[in-house]
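Worksheet: the structure to be examined is printed underneath.
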Number of protein chains: 2
Amino acid sequence: MNLTELKAIQLAELFSALSDASRIRIISLLIEGEMSVSALAEGLKMSESAVSHQLRGLRQMRLVRARKNGRQVFYSLDDDHVAKLYSMGLDHVEHG
Amino acid sequence: MNLTELKAIQLAELFSALSDASRIRIISLLIEGEMSVSALAEGLKMSESAVSHQLRGLRQMRLVRARKNGRQVFYSLDDDHVAKLYSMGLDHVEHG
DNA sequence: ATAATATATGAATGTTTGCTCAACTATTCA
DNA sequence: TGAATAGTTGAGCAAACATTCATATATTAT
C-alpha cells in the first residue's frame, strides 16, 4: 500500500468532518432529506450561527451541498459515500 | 432515525480516531500486519513517544490490540470495521 | 425606503489535541 | 547486580477547534 502523506491528510480531513457530535447530528438529519439552516438549528437546539459555521466546514469538504431558495438555504448530503460511512460507523458503535 | 446524543458522541469518537494523519498512517501500516511500536515509529518517522500516545488512544477505542512479547509490544487492528472504514474513506478520496 | 427574516462571517474565548521532554516501568543481557 | 532496550506516561505548550457575540449581506414584505 504505502499511503502518501497527501492522501493520509485528505483521509484524515474526511474523517475529521465526521469527528464532532454536532456534525454527526447534522448529517443524521440530512440523511432523511434536505433541510434549511434554521430547521437544522431548531432540530439540534444549536444557534443558527453555530450550525452555519459547521455547514461551512462540511461544504468545503464537499460533504453537503447548498441550494438557495428565497432567503432560505437548503442543505443536503452531496454524496452517498458520507451516508455509507455514517451507517458503517453506526454499525460499529451499535453492534461489534 | 433520530440519533441519540450518546450515539452521536460515540460515532464522533470513532471518527475522531481516524481524524488525524498520523493515526491514519499507523492504521495503513497495521493493515499489512502487526508491528512493534519502534517499527511503527521508524516507518512513520515519528518519536516512539508520539506513536505510543496515539496508540493509547486507538487502544482505548478498541481499534487496535496489543500483544506483548519480551520487551516489545506488537500492535494490530482489533477489528475489520476499521479497515473497512479506512478503505471506504480512501475510495472517496481517490475517486468520486 | 424601511423593517424584518434567513443566513453568513470575523473576532474573541475556552477547550481539546498532538507533540516534546523527562521520568518511569518492565524486560533482557552481561 | 547493573546497564541497556522497549515502551508508557504526565506535564507543558502551541496549534486547531467549536461556540458565542456582534455585525454584515441578501431577500422579502410593508
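Below, chains carry the letters A, B, ... as their sequence lines are ordered, and counting in each starts from 1.
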Pair A:L3-B:L90, side-chain contact (heavy atoms from CB on, under 4.5 Å): steps then yes or no: CA-CA 10 Å; A:L3 195 64; B:L90 194 56; 3.9 Å; yes

Between [atom2] of [N] and [atom1] of [X], the distance in whole Å:
X: A:L44; N: D:dA18; atom1: CG; atom2: P; result: 15 Å
X: A:K68; N: C:dT7; atom1: NZ; atom2: P; result: 10 Å
X: A:F74; N: C:dT7; atom1: CZ; atom2: P; result: 8 Å
X: B:L55; N: D:dA6; atom1: CG; atom2: P; result: 16 Å
X: A:M35; N: C:dA6; atom1: CE; atom2: C1'; result: 16 Å
X: B:L58; N: D:dT8; atom1: CG; atom2: P; result: 12 Å
X: B:R67; N: C:dT27; atom1: CZ; atom2: P; result: 15 Å

Can you figure out which of D:dG7, C:dT7, C:dT27 approaches the side chain of B:V73 most closely? D:dG7

Could you write nucleotides 9-20 of chain C as a row of B, S and -, 5' to 3', where a protein heavy atom under 4.0 Å of any base atom gives B, of only sugar-phosphate atoms gives S, and otherwise -? BB-------SSB

Using 30° and 60° as the class boundaries, would you call the ring planes of B:H81 and A:H92 parallel, tilted or perpendicular? perpendicular

For A:Y75 and C:dA8, is the shortest distance between a side-chain N/O and OP1 or OP2 below 4.0 Å? yes

Between the base of D:dT5 and the side chain of B:R71, is there a donor-acceptor distance below 3.5 Å? yes

Could you give the side-chain donor-acceptor pairs of residues 42-54 of chain B under 3.5 Å, partners two or more places apart or in another chain?
residue, atom, partner, partner atom, Å
B:S47, OG, B:A50, N, 2.9

Would you check, one step at a time, whether the test side-chain contact (heavy atoms from CB on, under 4.5 Å) holds for B:Q10 with A:E94? CA-CA 9 Å; B:Q10 292 175 327; A:E94 287 180 332; over 6 Å; no

Would B:L18 and B:V82 count as a side-chain contact (heavy atoms from CB on, under 4.5 Å) if you check the C-alpha gap in whole Å, the side-chain angles of each, and the deciding distance to 0.1 Å? CA-CA 9 Å; B:L18 305 170; B:V82 194; 4.3 Å; yes

Distance, nearest 0.5 Å, that separates OH of A:Y75 from NZ of A:K68: 10.0 Å

